[in-house]
Amino acid sequence: SYVSGRLAASAKLVLLRNPHGGVRALLEDCAACAVDALVTEHGGPAWDETGFAALRQRVLGQLNRATLGVVTEVLPVLKLAGEVESRLSGPASAILAPAMADLREQLGELVRPGFVASVGWQRLPDLLRYLRAMARRLERLPANPERDRRAMAEVHQVRAEYDALPGPPDQIRWMIEELRVSLFAQQLGTPYPVSATRIYRAIDAHRTA
C-alpha cells in the first residue's frame with residue numbers, strides 16, 4: 001500500500017506490536033483518524049449531496065498523505081507503549097503490585113483497538129506524553145512506593161466520581177490523564193493547570209448542566 005511502501009523496515013517492525021491484532025487493522029484505524037482530521041479541515045461534515053461529493057473528493061485526494069502522517073505520529077506511541085508493557089510484564093513485589101496493576105489498566109485504556117481514531121490526530125502528542133509519564137512513574141516507583149500509593153489513591157477517587165457520571169464526557173477523562181502527569185511526572189508539564197479540585201468542579205458542572 002501507499003503507506004507501507006514509504007515506511008522503513010524498522011518502522012514496520014514497530015507497527016507489528018499493536019493492540020489491533022494485525023497491521024492492516026491498525027492502518028485502517030490510522031486512516032479513520034486521517035479522515036476525521038481531513039473532514040474537519042475542509043469544513044465538514046456536509047449535509048447535502050453536492051457538498052458531500054465535493055468533500056469526499058477533497059478527502060480522498062489527500063487521504064494517503066494524511067494517513068502516512070498519522071502513522072508517523074503513532075509510531076513513537078507504539079514503540080513506547082511496547083517498552084512500558086514489557087516493563088509491566090515481569091513479577092512485582094507485594095508493595096509494588098498495586099501500582100503495576102494500575103499502570104497495566106491505564107495502558108490498556110490508552111492503547112487499545114481503535115485508539116488512534118478515538119484519540120484523534122490533535123491529541124496523539126498528548127498520548128505520547130502520557131506514556132512518557134507512565135515510564136517516569138515506573139522509574140521512580142521503587143524509591144518511594146508510599147508516595148506513589150498516595151497519588152494513585154487521589155487519581156482513583158477522582159476516577160470513581162467520573163465513572164459514576166451518566167455519559168461521562170471525554171474532556172474530563174483527559175483531565176484525569178493530565179492529573180496523572182502532574183502527580184507522577186510533573187517535569188513533563190501539562191497544557192493547563194490541573195488538580196483533583198478542578199476535576200471535581202468539572203464533574204459537578206456536568207452533573208448540573
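Residue numbers count from 1 along this sequence.
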Q: For Tyr162 and Arg173, work out which heavy atoms get closest and say how close.
A: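 Closest approach of Tyr162 to Arg173: OH-CB, 3.2 Å.
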
Q: Just checking Arg123: does its CZ atom have more than 12 heavy atoms from other residues, nucleotides or ligands closer to it than 6.0 angstrom?
A: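 Enclosed: over 12 neighbouring heavy atoms sit under 6.0 Å from CZ of Arg123.
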
Q: What is the minimum heavy-atom distance between Leu128 and Pro76, and which atoms define it?
A: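 Nearest pair, atom of Leu128 first, then Pro76: CD1-O, 3.6 Å.
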
Q: Nearest 0.5 angstrom please: Glu109 CD to Ile176 CD1, how far?
A: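 The distance works out to 9.0 Å.
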
Q: With salt bridge (charged side-chain N to carboxylate O under 4.0 Å, His left out) as the criterion, how do Glu154 and Arg150 come out once you've worked through the C-alpha distance, each side chain's angles and the decisive distance to 0.1 Å?
A: CA-CA 6 Å; Glu154 184 174 347; Arg150 291 194 301 269; over 6 Å; no

Q: Are any of the side-chain heavy atoms of Val77 and Val116 separated by less than 4.5 Å?
A: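 Side chain of Val77 against side chain of Val116, heavy atoms only: no contact under 4.5 Å found.
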
Q: Verify, without hydrogens or angle tests, whether Arg129 (side chain) and Gly189 (backbone) share a donor-acceptor contact under 3.5 angstrom.
A: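 The answer is yes, because a donor-acceptor pair under 3.5 Å joins these two groups.
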
Q: If you look at every heavy atom in Leu179 and Ala196, which pair is closest and at what distance?
A: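 That closest heavy-atom pairing would be CD1-N, 3.8 Å.
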
Q: Nearest 0.5 Å, what's the CZ-CD distance between Arg17 and Glu83?
A: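 One gets 8.5 Å once the value is rounded to the nearest 0.5 Å.
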
Q: More than 12 heavy atoms of other residues, nucleotides or ligands under 6.0 Å from CZ of Arg87: yes or no?
A: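 More than 12 heavy atoms, drawn from other residues, nucleotides or ligands, come within 6.0 Å of this atom.
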
Q: By salt bridge (Lys or Arg N to Asp or Glu O under 4.0 Å), which residues pair with Asp170, not counting sequence neighbours?
A: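 With sequence neighbours excluded, Asp170 shows a salt bridge (Lys or Arg N to Asp or Glu O under 4.0 Å) to no residue whatsoever.
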
Q: Out of curiosity, does Met152 fall in the hydrophobic cluster containing Leu96 (side-chain heavy atoms, cut-off under 4.5 Å, transitive links)?
A: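 No, separate clusters.
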
Q: Rounded to the nearest 0.5 Å, how far apart are CG of Asn18 and CG of Asp29?
A: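 Separation between the atoms: 9.5 Å.
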
Q: Is there a side-chain hydrogen bond (donor to acceptor under 3.5 Å, both in side chains) between Arg112 and Ser118 once you walk through the steps?
A: CA-CA 10 Å; Arg112 65 188 192 281; Ser118 176; 3.2 Å; yes

Q: Distance from Glu73 atom CD to Leu68 atom CG, nearest 0.5 Å?
A: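 Glu73 CD to Leu68 CG: 11.0 Å, rounded to 0.5 Å.
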
Q: Taking the side chain from Asp36 and the backbone from Cys33, do they hold a donor-acceptor pair closer than 3.5 Å?
A: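 No.
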
Q: Return the set of residues passing salt bridge (Lys or Arg N to Asp or Glu O under 4.0 Å) with Arg207 (not counting sequence neighbours), or none when no residue passes.
A: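 For Arg207, the residues satisfying salt bridge (Lys or Arg N to Asp or Glu O under 4.0 Å) (neighbours in sequence not counted) are Glu161, Asp204.
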
Q: Apply salt bridge (charged side-chain N to carboxylate O under 4.0 Å, His left out) to the pair Arg140 and Asp148, showing each step before the final yes or no.
A: CA-CA 9 Å; Arg140 299 173 63 186; Asp148 187 279; over 6 Å; no

Q: Taking C-beta and beyond as the side chain, do Leu103 and Val84 meet within less than 4.5 Å on heavy atoms?
A: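 They are not in contact (no side-chain heavy atoms under 4.5 Å apart), so the answer is no.
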
Q: Rounded to the nearest 0.5 Å, what separates atom CG in Leu141 from atom CE in Met100?
A: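 Atom-to-atom, Leu141:CG and Met100:CE are 7.0 Å apart.
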
Q: For atom CD of Gln122, decide whether the heavy atoms of other residues, nucleotides or ligands shown that lie under 6.0 angstrom number more than 12.
A: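 Check fails, neighbour count at 12 or below.
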
Q: Would you kindly confirm whether Leu78 and Leu88 end up in one hydrophobic cluster when ILVMFWY residues are joined by side chain heavy atoms under 4.5 Å apart?
A: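 In one cluster with Leu78: Leu88, yes.
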
Q: Shared ILVMFWY cluster between Val194 and Ile203, side chains joined below 4.5 angstrom?
A: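 Yes; tracing contacts between hydrophobic side chains, which count when under 4.5 Å, links both residues.
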
Q: What's the shortest heavy-atom distance between Val23 and Leu15, and which atoms?
A: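 For Val23 and Leu15, the tightest heavy-atom pair comes out as CG2-O, 3.8 Å.
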
Q: Tell me whether His20 contacts the main-chain N or O of Gly114 through its side chain, where contact means a donor paired with an acceptor under 3.5 Å.
A: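 Pair found, side chain donor or acceptor close to backbone of Gly114.
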
Q: So Pro168 and Asp163, do their side chains get closer than 4.5 Å, heavy atoms only?
A: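 No, side chains not in contact.
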
Q: Measure the spacing between CG of Leu26 and CG of Leu16 and express it to the nearest 0.5 Å.
A: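 So the CG of Leu26 and the CG of Leu16 are separated by 10.0 Å.
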
Q: Val74 and Cys30: which non-hydrogen atoms are nearest, and at how many Å?
A: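 So the minimum-distance heavy-atom pair works out to CG2-SG, 4.1 Å.
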
Q: Can you tell me which residue among Glu177, Glu178, Gln106 is in a side-chain hydrogen bond (donor to acceptor under 3.5 Å, both in side chains) with Tyr130?
A: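 Among the candidates, only Glu178 passes.
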
Q: State, with a plain yes or no, whether a side-chain heavy atom of Leu38 is found less than 4.5 Å away from one of Arg58.
A: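 No; the side chains remain at least 4.5 Å from each other.
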
Q: Would you say the side chain of Val158 lies within less than 4.5 Å of the side chain of Arg198, judging by non-hydrogen atoms?
A: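 Contact flag for Arg198/Val158 side chains = no.
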
Q: Keeping the roles fixed (side chain from Thr190, backbone from Pro193), state whether a donor-acceptor pair exists under 3.5 Å.
A: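 The answer is no, because no donor-acceptor pair under 3.5 Å joins these two groups.
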
Q: Hey, any chance Leu110 and Trp121 share a hydrophobic cluster, counting ILVMFWY side chains that come within less than 4.5 Å of each other, even indirectly?
A: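 Per the 4.5 Å side-chain linkage, Leu110 and Trp121 are co-clustered.
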
Q: Can you name the residues that form a salt bridge (Lys or Arg N to Asp or Glu O under 4.0 Å) with Glu49, not counting sequence neighbours?
A: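 Scan of Glu49 (salt bridge (Lys or Arg N to Asp or Glu O under 4.0 Å), adjacent residues dropped) gives none.
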
Q: Of all the heavy-atom pairs spanning Ala31 and Thr67, show the shortest one and how long it is.
A: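 That closest heavy-atom pairing would be CA-OG1, 3.6 Å.
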
Q: Pair Leu80, Arg132 - check side chain to side chain contact (heavy atoms under 4.5 Å, CB included), show working.
A: CA-CA 8 Å; Leu80 186 51; Arg132 286 175 176 153; 3.5 Å; yes

Q: Would you say Gln187 has more than 12 foreign heavy atoms packed within less than 6.0 Å of its CD?
A: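 Yes, CD of Gln187 has more than 12 neighbouring heavy atoms, counting only those of other groups under 6.0 Å.
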
Q: Using the rule that two of Ile, Leu, Val, Met, Phe, Trp, Tyr join whenever any of their side-chain heavy atoms come within less than 4.5 Å, decide whether Leu138 and Met134 are in one cluster.
A: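 Looking at the clustering, Met134 is in the same group as Leu138.
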
Q: Can you find a pair of side-chain heavy atoms, one from Leu165 and one from Ile172, that are under 4.5 Å apart?
A: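 Answer yes - side chains close enough.
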
